[in-house]
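Okay, structure first, notes after.
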Amino acid sequence: MMCAIASLSDNLNTPSPSAEIQIMNINWFQKQPQGNDEVSLTMNISADLQSLFTWNTKQLFIFVSAEYETPKNSLNQVSLWDAIIPAKEHAKFWIHTSNKYRFVDQGNNLRGKEFNLTLHWHVMPKTGKMFADKIVLTGYSFPEEYR
Amino acid sequence: MGLIGDTVDSIKSIQTRQLLNQAVSLGMVVTSALIIWKALMCITGSESPVVVVLSGSMEPGFKRGDILFLHMSNDPIRAGEIVVFNVDGREIPIVHRVIKVHERQDSGEVDVLTKGDNNYGDDRLLYAQGQQWLHRHHIMGRAVGFLPYVGWVTIIMTEKPIIKYILIGALGLLVITSKD
């Protein structure tokens with residue numbers, strides 16, 4: 001019962017999150033020995049997610065994923081970086097980082113390809129229903145050649 | 001002699017009736033629990049609609065002893081979702097987050113990689129020998145909600161079975177000695 005009320009009150013919150021991601025550098029972009037494309041990049045990620053916090057929010061799990069389509073796969077989602085935001089004070093931030101997880105394609109489709117960088121957040125409540133949303137940032141693309 | 005025999009018989013029959021009554025009550029309680037469990041399975045579409053968190057690999061979000069509510073729909077599996085999956089050959093299901101998804105154009109089949117929030121590396125070491133990805137059939141449900149601490153009862157009863165027996169004994173005693 002309390003669980004339900006707690007979750008209901010979360011629905012009343014109307015958040016206004018914002019985010020910006022800049023690719024500062026493509027560190028390297030190669031075809032691996034096993035044949036798949038792999039890229040290492042450095043990003044500037046800044047965001048203000050303070051409005052997502054309510055009295056019932058335990059933490060936000062946020063991550064940036066690269067999302068793109070290939071002839072074989074209608075969707076590829078590769079998480080590049082993630083973090084846990086434990087409190088509202090930490091929800092407005094700026095970070096300069098290279099990808100935490102390896103960005104590997106299934107195949108050799110990345111040269112010249114356009115992709116989105118999406119900042120996802122998953123709200124973990126103190127108790128009750130979990131929910132999630134995201135901001136999709138478009139217009140990024142890989143170099144035409146390996147380097 | 002006949003009178004005593006009659007009295008003994010009538011006493012025995014009262015006790016028998018009481019005993020039967022209590023057995024039926026106990027049966028009703030157990031059956032109700034079973035019905036609720038099966039209904040939950042039906043409603044949430046998942047084989048085990050509730051799981052207890054057993055490890056610290058998803059901390060600080062989920063701690064040992066928390067209960068997770070699961071739901072399985074035909075919606076596609078997407079990065080960020082917390083899924084419960086079974087690895088071939090392992091008994092205990094694992095609750096981790098999806099970090100990579102590769103979904104096929106034609107079949108809609110999907111390659112999924114998972115990782116515990118609190119772990120350093122991804123789950124490839126947990127998968128079966130030679131397995132690089134999870135597929136849909138490995139995944140039993142998505143975690144959609146949770147209750148803290150409530151699962152400790154299950155953990156204690158599994159790890160210290162004697163408590164389970166004491167609890168059942170106490171419950172049995174309660175049913176037998178209740179006036180109803």
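Below, read A as the first sequence line, B as the second, and so on, with proteins coming before strands; counting in each chain starts at 1.
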### Summary
So, the part of B:Arg97 with a heavy atom under 4.5 Å from chain A: the answer is side chain
### Query
Crowded around B:Arg136 CZ? As in, over 12 foreign heavy atoms under 6.0 Å?
yes
### Query
Does CG in B:Asp106 sit with more than 12 non-hydrogen atoms of other residues, nucleotides or ligands closer than 6.0 Å?
yes
### Message
A side-chain contact here means heavy atoms from C-beta on lying under 4.5 Å apart; do B:Arg104 and A:Asn73 qualify?
### Response
yes
### Message
Using a 6.0 Å cut-off, check whether atom CD of B:Glu109 has over 12 heavy atoms from anything other than its own residue.
### Response
no
### Query
Is the closest side-chain heavy-atom distance between B:Phe69 and A:Lys129 below 4.5 Å?
no
### Query
Does the side chain of B:Asp111 come under 3.5 Å of the side chain of A:Gln106 through a donor N or O and an acceptor N or O?
yes
### Closest approach of B:Asp117 to A:Phe61 (non-hydrogen atoms, all atoms of both residues)
OD1-CE1, 3.2 Å
### Query
Can you tell which of A:His120, A:Lys100, A:His122 has the highest number of heavy-atom pairs within less than 4.5 Å of chain B?
A:His122
### Query
chain B heavy atoms under 4.5 Å from A:Glu67: which part of the residue, side chain, backbone, both or neither?
neither
### Task
Indicate if A:Phe103 and A:Val136 have the same hydrophobic cluster label, given that clusters are the connected sets of ILVMFWY residues with side-chain heavy-atom separations under 4.5 angstrom.
no
### Task
Select one option (side chain, backbone, both, neither) describing which atoms of B:Gln132 are under 4.5 Å from chain A's heavy atoms.
neither
### Query
How many angstroms lie between CD in B:Glu103 and CG in A:Asn76, if you round to the nearest 0.5 Å?
9.5 Å
### Query
Just checking, any donor-acceptor pair under 3.5 angstrom between side chains of B:Lys100 and A:Tyr101?
no
### Task
Count the heavy atoms of every other residue, nucleotide or ligand shown that sit under 6.0 Å from CD of A:Gln30, and state whether that count exceeds 12.
yes
### Task
Determine, step by step, whether A:Phe63 and B:Ile99 satisfy the side-chain contact (heavy atoms from CB on, under 4.5 Å) criterion, reporting the C-alpha distance in whole Å, the side-chain angles of both residues, the deciding distance to 0.1 Å, and the verdict.
CA-CA 9 Å; A:Phe63 64 101; B:Ile99 62 166; over 6 Å; no
### Query
Between A:Ile84 and B:Met58, is there a shared hydrophobic cluster once you connect ILVMFWY residues whose side-chain heavy atoms come closer than 4.5 Å?
no
### Task
Keeping the roles fixed (side chain from B:Gln105, backbone from A:Thr70), state whether a donor-acceptor pair exists under 3.5 Å.
yes
### Task
Sort A:Lys72 into side chain, backbone, both or neither according to what part of it lies under 4.5 angstrom from a heavy atom of chain B.
both
### Portion of B:Pro76 that has a non-hydrogen atom of chain A nearer than 4.5 angstrom
neither
### Query
Side chain, backbone, both or neither: which part of B:Leu113 has a heavy atom under 4.5 Å from chain A?
neither
### Query
Under 4.5 Å between side-chain heavy atoms, hopping through other hydrophobics if needed: is there a path connecting B:Val98 to A:Leu75?
no
### Task
Please answer: with hydrophobic residues joined when any side-chain heavy atoms are less than 4.5 Å apart, are A:Tyr140 and A:Ile135 in the same cluster?
yes
### Query
Mind checking whether A:Ile26 and A:Val64 sit in one hydrophobic cluster, side chains of I, L, V, M, F, W, Y counted as touching below 4.5 Å?
yes
### Message
Just so I understand: if I count every heavy-atom pair under 4.5 Å between each of A:Pro71, A:Pro86, A:Ser65 and chain B, which residue has the most?
### Response
A:Pro71
### Message
Would you say CD1 of B:Ile92 has more than 12 non-hydrogen atoms from neighbouring residues, nucleotides or ligands within 6.0 angstrom?
### Response
no
### Sidechain-backbone polar pair: B:His102 side chain, A:Gln77 backbone, donor-acceptor under 3.5 Å
no
### Query
Does any non-hydrogen side-chain atom of B:Pro148 lie less than 4.5 Å from one of A:Lys126?
no
